[in-house]
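Everything on this sheet refers to the single structure shown next.
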Amino acid sequence: MAEMSAMNRKLIQNLAETLSKQVKHFNKTEAECLIRLFNGLLGDQSDRRVGNGLDRGKFRNILHNTFGMTDDMIMDRVFRAFDKDNDSYVSVKEWIEGLSIFLRGTLDEKIKYCFDVYDLNGDGYISREEMFHMLKNSLIRQPTEEDPDEGIKDLVEITLKKMDHDHDSRLSYADFEKAVRDENLLLEAFGTCLPDAKSILEFEQHAFQDTLEH
Amino acid sequence: MGVALTRAAQWTTASSGTGKLEITPVNESLLKEILEFVEQFSSRHPQEAKHVFKEPLQWTTSLEASDFKTEYDISGPTVKSQETDRDGHPMLQLTPPSISVHSFSQLSKIVQLATDKKLKEVRACLEANRDPVAKMLGPSFATVEGEDSSVLRLLEEVKEGDQAKETEIKVKLIILLQQLDTQLLSSSLKQISQWVPFLPPPHSVYYEFTNGCRTPPWRQVHGEICYLVIKPCDTQPLHITCSTAGVFLNGGIRQEGEENAYDRTSDVYRDLVTLLKSKSPHFAENINKQVGFHVKQVAGFLRVIFALPITPRSTDDKKSKKNAVSEKFAEAQEKMQKKADVSVSSLPGRHKTPGGVGGADDFSESSSESEEDEEQPERRTESNTDLPSEYWQIQKLVKYLKGGNQTATVIALCSMRDFNLAQETCQLAIRDVGGLEVLINLLDTEEIKCKIGSLKILKEISRNSQIRRAIADLGGLQTMVKILDSPDKDLKYLAAETIANVAKFRRARRTVRQHGGIKRLVKLLDCVPDSAALTEEQEKDVEVARCGALALWSCSKSTRNKEAIRKAGGIPLLARLLKSPHENMLIPVVGTLQECASERSYRIAIQMEGMIEDLVKNLNCDNHELQMHCASAIFKCAEDKRTRDLVRQCEGLQPLVTLLSQADNKQLLAATTGAIWKCSISMENVAKFQDYKALETLVGLLTDQPEEVLVNVVGALGEGAQKPANRATIRKCGGIQPLVNLLTGTNQALLVNVTKAVGACATELENMTIIDRLDGVRLLWSLLKNPNPDVQASAAWAICPCIENAKDSGEMVRSFVGGLELIVNLLKSTNKEVLASVCAAIAKIAKDEENLAVITDHGVVPMLAKLTNTTDDKLRRHLAEAIARCCMWGSNRVLFGEAGAVAPLVRYLKSKDTSVHQATAQALFQLSKDPNNCITMHDNGVVKLLLGMMGSTDEVLQEAAAGCVANIRRLALANEKARYG
């Protein structure tokens with residue numbers, strides 16, 4: 001057993017070394033902590049499907065419990081954004097890459113990430129329909145109103161007016177980037193897909209300090 | 001006229017049913033125009049005048065049968081016209097008090113019959129017939145808002161109708177009526193626009209007419225807008241009329257009815273401040289102590305300010321309105337007590353004069369409050385039709401703010417920021433749709449993005465004073481103060497910047513302090529000092545500090561906040577930020593410092609913490625605002641000698657002189673000249689200024705400058721003229737004439753300085769010749785009548801060198817009718833400085849024997865004797881001088897002795913002030929020529945004291961003391977001789 005864990009430790013250290021070189025924002029120790037955390041989260045699952053990583057359900061639990069996200073659709077999209085190879089599992093590399101943006105991303109990285117989250121069909125544009133889809137639960141619906149979707153439609157128009165600089169009724173990456181640079185508040189224009197400062201702080205404390213005790 | 005009546009006329013009740021036409025200038029002129037139309041109708045349009053109305057116009061008349069003459073059948077109280085329609089019905093029928101009329105010709109006649117009741121009849125008729133056109137021509141011509149198709153309808157009638165002639169007349173009639181309508185509308189528009197400029201009325205205290213006037217209608221025609229009673233602390237209550245022509249005193253309007261009370265009893269002043277300045281010396285003095293061009297508060301000066309309740313004159317309305325008036329008045333009084341601050345705006349100008357009533361807190365806070373936005377009147381459109389499109393869009397966004405999650409809220413906030421938030425329409429729209437409540441509630445949430453978005457909007461719209469008040473009323477300041485503790489730097493600086501905007505009025509400043517805002521704001525100042533390369537985070541820290549300084553600057557206008565900033569350790573932090581190379585940081589920092597420099601503790605700190613050097617350094621920058629604050633800080637601090645020396649040692653005098661060339665920027669000029677004035681109190685500095693040729697420039701600033709500048713320029717010249725060379729310079733630059741001209745002014749602070757400067761100049765013979773030629777002495781003399789003791793004293797001091805140096809001064813003084821009596825009577829003053837200066841002047845006057853005789857007749861001897869018990873050394877010295885001089889006439893020596901002046905004078909010799917000794921010894925020498933006085937002196941132990949003085953190095957003193965002792969001894973010898981032979 002001791003041999004196993006020594007082996008394991010060696011492996012983890014090597015992996016951390018490699019990943020900290022590939023991924024920005026984390027040093028080797030931090031990468032190591034995150035790998036350990038990943039392994040911990042994997043838990044008994046690792047026995048059966050070693051190497052596959054976190055499945056959608058587990059990942060969503062983390063998003064919900066640790067980072068306070070609530071919107072199902074957005075959480076799915078965040079999972080997609082993390083799961084770069086599209087194999088429905090977040091691998092340890094994807095985990096660390098994702099977290100580097102999540103926790104310490106620059107504005108540029110975050111703009112790219114958010115755009116990917118909001119571009120539901122991955123065609124490089126955020127369309128009216130996609131906006132509507134993402135905003136449809138953002139307003140309290142007044143049952144008395146003739147068209148309960150009217151407010152949402154209006155919000156979509158407002159957003160287009162503000163962000164669609166080339167007036168093609170959809171947001172290209174360039175549109176999105178320019179709008180966010182002008183007004184940072186628009187980064188998460190279509191739903192919260194990044195953790196807030198408080199959860200970041202708590203997560204880092206938990207992830208980096210607890211493991212340091214080892 | 002239908003449209004005009006519904007739209008332009010001002011009715012007391014809703015637009016349907018019977019209502020009353022309010023008594024307003026707009027209605028008044030409407031009625032007059034209608035009256036004129038009706039009066040001339042018969043003669044101008046005889047055919048149309050005969051047209052029989054579809055329905056008669058009926059109303060309650062005040063006319064009686066006796067008013068009707070020929071062409072009418074009168075039986076008892078009823079009257080019928082002889083003129084009838086085709087069916088034989090009379091065109092006019094009177095069954096008192098009801099009258100019914102069928103045609104314009106009869107209307108014209110009634111108007112002529114009614115003579116002086118004309119207007120009343122027209123009013124009654126219109127009130128009873130809200131849509132007269134419908135009655136005249138039939139219901140199909142009723143006035144409808146919007147498109148008017150009556151002419152078209154009539155055209156149809158023409159087509160259908162067979163009575164061509166009849167219809168033609170009808171068409172003409174309707175065209176005439178429509179012409180009248182247009183005419184009425186356009187003239188009422190003119191009326192309204194005439195009143196608009198005077199709309200911002202003072203504190204809403206009682207009945208206000210829709211045109212903004214608070215005066216009864218029959219006074220509104222004189223342009224009178226409201227009446228005020230102001231009780232200054234130093235004069236009688238002032239009854240003031242604010243009118244379109246300006247502001248003046250009235251005969252004391254207490255209630256309506258006393259017509260002559262409305263009469264003007266003073267000059268017309270351009271605004272309230274000017275009037276108060278000239279009527280109340282205390283006000284003028286304090287108002288002028290303030291630098292800057294908006295009028296500032298004078299603590300505890302205006303005790304009560306309220307406008308008088310006025311009831312409309314109309315008997316019909318009297319009862320209901322009176323109740324409304326008294327109710328409103330009571331409510332307003334209650335409000336006054338509650339808020340303990342009432343202010344009144346002077347109407348034509350932008351100045352505001354605040355008044356404080358009540359709480360000690362208010363008094364303590366008021367020292368340098370700038371009152372730019374106390375009690376701003378509301379100005380906004382009421383009718384929905386005029387609302388701009390922004391209003392509806394903003395309303396929609398506010399709906400999303402209320403009912404949206406974080407995502408929708410952020411979108412709505414960002415969209416709202418795209419409106420022109422600098423525009424009042426948008427600012428007020430946000431408030432009016434309840435947006436402020438939502439924005440402020442967002443600040444209480446956990447959502448950082450929503451908070452940031454909300455603050456970004458609040459920051460902009462809080463530039464509007466009404467919004468500021470609303471934010472404070474909604475408790476926004478408390479929340480923003482809490483946000484200052486947030487770890488998020490964006491939040492911090494946005495909250496601080498918004499607080500800076502909101503805390504522009506006293507209540508807000510107090511709120512910030514009471515909720516611990518000052519401490520938190522001071523904490524924001526603590527940032528890494530500027531280094532060459534700042535990280536992004538450090539740059540944010542600097543921005544946080546800058547906004548903190550902005551907020552403190554706003555807050556520092558309240559005295560207690562100055563104290564709180566100091567206690568929170570703000571001074572060293574400000575001193576550190578003062579080293580910043582960035583103007584946008586320096587302006588709020590120096591702004592705060594100069595605001596706080598009104599407090600001694602700050603002046604000391606500014607000196608001790610080495611801030612003078614930085615202030616001087618920034619005098620050399622090229623930002624006028626920053627230069628102005630620096631100069632202003634020096635102005636306030638340079639009362640202290642050490643500070644004045646520091647300014648010189650830091651080489652700050654030359655940049656000040658250089659700044660004098662910025663003569664177009666009056667605020668900067670006022671601050672600069674102020675600093676030069678105060679620095680000139682040190683003679684070393686005067687010498688420097690002499691080198692820099694400052695006086696030459698200052699003399700050039702004696703004309704065409706605002707008083708704030710003049711006070712300082714003249715102050716500086718007065719200090720400079722203490723040096724003989726400068727007195728010549730002032731003359732050579734042609735400064736004497738403008739200085740003498742300024743003696744005719746009314747600004748008390750200016751007069752104090754002008755008299756001092758003229759007095760200093762008068763010590764030079766050549767200058768005196770010019771002053772004399774310009775009749776300057778007479779002007780100085782007449783300033784003795786000024787109610788302000790500082791002016792009196794300063795004038796009396798200036799008179800001394802004038803009498804000394806003027807040619808034939810005795811003759812000149814005598815030529816001032818009543819002048820000697822005037823100056824002698826000033827000995828009744830209670831002000832020590834006045835007494836000392838007047839004694840000094842009397843000593844000069846008394847050199848002329850004839851004048852001495854006159855002032856003796858005016859009772860100068862007992863009055864001087866009465867003052868002898870004083871312990872004030874300055875007064876003692878000049879009093880002794882005066883007594884010495886006045887002894888030279890008649891039996892004055894004896895009289896002084898009898899009045900008990902001798903014994904106290906002996907005590908003067910024990911004074912520590914040697915200048916008192918000389919004058920006293922001279923007085924005693926003069927008095928000792930009377931034996932009884934010698935006895936009194938001797939009894940009071942004068943000999944021993946004088947013997948000491950005989951050993952003085954001061955020859956005059958020596959001689960006087962010796963003379964006095966000799967007189968006493970001589971008397972004693974004579975006495976002994978008489979006794980023992």
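Chain naming here is simple, since letters A, B, ... match the order of the sequence lines and numbering starts at 1 in each.
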Legend entry - Rounded distance [0.5 Å steps], CD1 in Ile140(A) versus OH in Tyr400(B): 13.5 Å
Legend entry - Min side-chain heavy-atom separation Thr192(A)-Gln406(B) under 4.5 Å: yes
Legend entry - Flag if over 12 foreign heavy atoms under 6.0 Å of CZ, Arg463(B): yes
Inset, instruction - Tell me, yes or no, whether the heavy-atom count around Lys198(A) atom NZ, taken from other residues, nucleotides or ligands under 6.0 Å, exceeds 12. - result: no
Legend entry - Heavy-atom check, side chain of Asp154(A) versus side chain of Lys396(B), under 4.5 Å: yes
Inset, instruction - Could you pull out the closest heavy-atom pair between Ala408(B) and Leu139(A), with the gap in Å? - result: CB-CD2, 4.0 Å
Inset, instruction - Under the side-chain contact (heavy atoms from CB on, under 4.5 Å) rule, what do Asp196(A) and Ile448(B) come out as? Steps first, then yes or no, please. - result: CA-CA 8 Å; Asp196(A) 61 21; Ile448(B) 289 193; over 6 Å; no
Inset, instruction - Counting only heavy atoms closer than 4.5 Å, note whether Asn184(A) contacts chain B via side chain, backbone, both or neither. - result: neither
Inset, instruction - Return yes when atom NZ of Lys489(B) has more than 12 non-hydrogen atoms of other residues, nucleotides or ligands closer than 6.0 Å, and no otherwise. - result: yes
Inset, instruction - Count the heavy-atom pairs under 4.5 Å between each of Gly404(B), Gly403(B), Ser415(B) and chain A, then report the option with the highest count. - result: Gly403(B)
Inset, instruction - Let me know if Leu185(A) has heavy atoms under 4.5 Å from chain B in its side chain, its backbone, both or neither. - result: both
Inset, instruction - Examine whether an atom of Leu397(B) lies under 4.5 Å from a heavy atom of chain A, and if so say whether it belongs to the side chain, the backbone or both; otherwise answer neither. - result: side chain
Inset, instruction - Enter the distance from Ile411(B):CD1 to Met163(A):CE here, rounded to the nearest 0.5 Å. - result: 8.0 Å
Inset, instruction - Take atom NE2 of His64(A) as the centre, draw a 6.0 Å sphere, and report whether it contains more than 12 heavy atoms from other residues, nucleotides or ligands. - result: no
Legend entry - Heavy atoms of other groups near Lys523(B) NZ, more than 12 under 6.0 Å: no
Legend entry - Given Ile74(A), Leu135(A), Asn137(A), Leu155(A), the one that forms side-chain contact (heavy atoms from CB on, under 4.5 Å) with Thr407(B): Leu135(A)
Legend entry - Which atom of Glu183(A) lies closest to which atom of Cys414(B), heavy atoms considered: CG-SG, 3.7 Å
